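Whatever order the structure lists them in is the order used to number ligands and atoms, beginning at 1. Owing to the predicted nature of the structure, the values given are computational and were not obtained by experimental measurement. What you see below is based on every heavy atom in this structure, not just the backbone, and it leaves out hydrogens, waters and symmetry mates.
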Amino acid sequence: MDTVTRVNLAVHGVRVDAPVRRNKGAGPSDDGHLVLDGENAALPIVTDSPYVIRQGRVYEGRIDLGLVVNTVQRPKFYDLTTADGVPYEKIALLHGKDVLATTVVQTCIRYEEAQRCRFCAIEESLKQGATIAAKTPAQLAEVAEAAVRLDGVRQMVMTTGTTTGPDRGARNLVRSVRAVRQAVPDLPIQVQIEPPKTLSVIADLKAAGAEAIGIHVESMDDELRQRWMPGKGSVPMAEYEAAWDEAVRVFGRNKVSTYLLIGLGETPDEMVAGAKSLIDRGVYPFVVPMRPMMGTLARQDGATTAPASVVAEITARVGALLQEAGMAGDDQGAGCAACGACSALKAAGG
Ligand code: SF4
């Protein structure tokens, strides 16, 4: 699949009835989950998109684009309930065909309106009753075991809202990773955290059994960070750099990643330069178009997704840099770069 087609689908979405989708929660995208030519793809479901899925093929109008597509089916583990009475679906979700994703703490100290990341809706799914505020290690272990056994899940992503302590939520993930690895020893797990003030917790995450780590900055531009993420943007870049460097030391080169959101205001040259500086540190820049999803301040502001041509240019250039550096998303073993659904980087060689 070429990068331009993959980006067009990510930006313009598709017309399809997708049984597995997320429409609120942590992070920058809400989508239906599909498998496009064998790769995970989280694509917006758009009723007037020029792209339509019919009988397992993608069409632009009447033209068959030559892509085989399958919708991800509702997993069997969604029908189960934990020993303490919580539906599994409120503990963790299937992303793509084989990723189990959970937000271990669904609240965030930065969620008051003046501090909130404008693209994030972490507490909206909680308000809707679609999830619970905090998942215990025992619940996560129970759900992970079932998801692997019943639905062939191959990797797990654990993210968290930011908490008040100096670890900013990472300590809780240590306990969660340990419990899941005890229940399912071979399941690779990626953890996603803010830079912790206590850097030693990064080694604790690795020792607990995490395979990869995401420390997500979203933008390398300080002024845009303040504008889009007033709370998180108050964490100095120096703290991100120290956390990335410690994570590369502990987890290894290309086992550390960060999101960079296309559409916050950086030019393609600025974004590519930022991505290059991350690659040089051993950090995989997961470039993703920002889509203002339901329940976000960005949506309220009337923010729009960047034009497909801009997303395609940045994705292609960053993909080429990753290829040159020998950094493939698949080699992360777990996490968003390994899943690839929310970015078009895999089509561009990343
Ligand atoms: S890229 Fe990350 S957030 Fe997107 S579907 Fe995959 S695991 Fe989920």
Handout entry: Side-chain heavy atoms of Met1 within contact of Leu36, under 4.5 Å
Key = yes
Exercise for the section: Check all N, O or S atoms of His95 and name the one closest to atom 8 (Fe) of ligand 1. Expected result: ND1
Only distances under 3.5 Å count here; give the side-chain donor-acceptor pairs of residues 313-322 to other protein atoms, sequence neighbours excluded, each with its distance to 0.1 Å.
{"from": "Glu313", "atom 1": "OE2", "to": "Arg317", "atom 2": "NH1", "distance (Å)": "2.8"}
{"from": "Thr315", "atom 1": "OG1", "to": "Val311", "atom 2": "O", "distance (Å)": "2.6"}
{"from": "Arg317", "atom 1": "NH1", "to": "Asp269", "atom 2": "OD1", "distance (Å)": "3.0"}
{"from": "Arg317", "atom 1": "NH2", "to": "Asp269", "atom 2": "OD1", "distance (Å)": "3.1"}

Exercise for the section: Answer yes when Asp331 and Lys255 have at least one side-chain N-carboxylate O distance shorter than 4.0 Å, and no when they do not. Expected result: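 Looking at Asp331 and Lys255, the cut-off is not met.
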Exercise for the section: Return yes when at least one N/O/S atom of Cys339 is nearer than 2.8 Å to atom 8 (Fe) of ligand 1, and no when none is. Expected result: no
Problem - No-hydrogen, no-angle side-chain donor-acceptor test under 3.5 Å, Gln155 and Asp98 - result: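 No, no side-chain donor-acceptor pair sits under 3.5 Å.
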Quick one: which ligand 1 atoms are inside 4.0 Å of a heavy atom on [X]?
{"X": "Cys342", "value": "1 (S), 3 (S), 4 (Fe), 5 (S)"}
{"X": "His33", "value": "5 (S)"}
{"X": "Tyr259", "value": "2 (Fe), 3 (S)"}
{"X": "Ala341", "value": "1 (S), 5 (S), 6 (Fe)"}

Problem - Taking every non-hydrogen atom, the tightest pair across Arg54 and Gly61 - result: NH2-O, 3.6 Å
Problem - Members besides Val157 in its Ile/Leu/Val/Met/Phe/Trp/Tyr cluster (side-chain heavy atoms under 4.5 Å) - result: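 Via sub-4.5 Å side-chain contacts, Val157 links to Val99.
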Handout entry: Cys336, portion touching ligand 1 at heavy-atom distance under 4.0 Å
Key = both
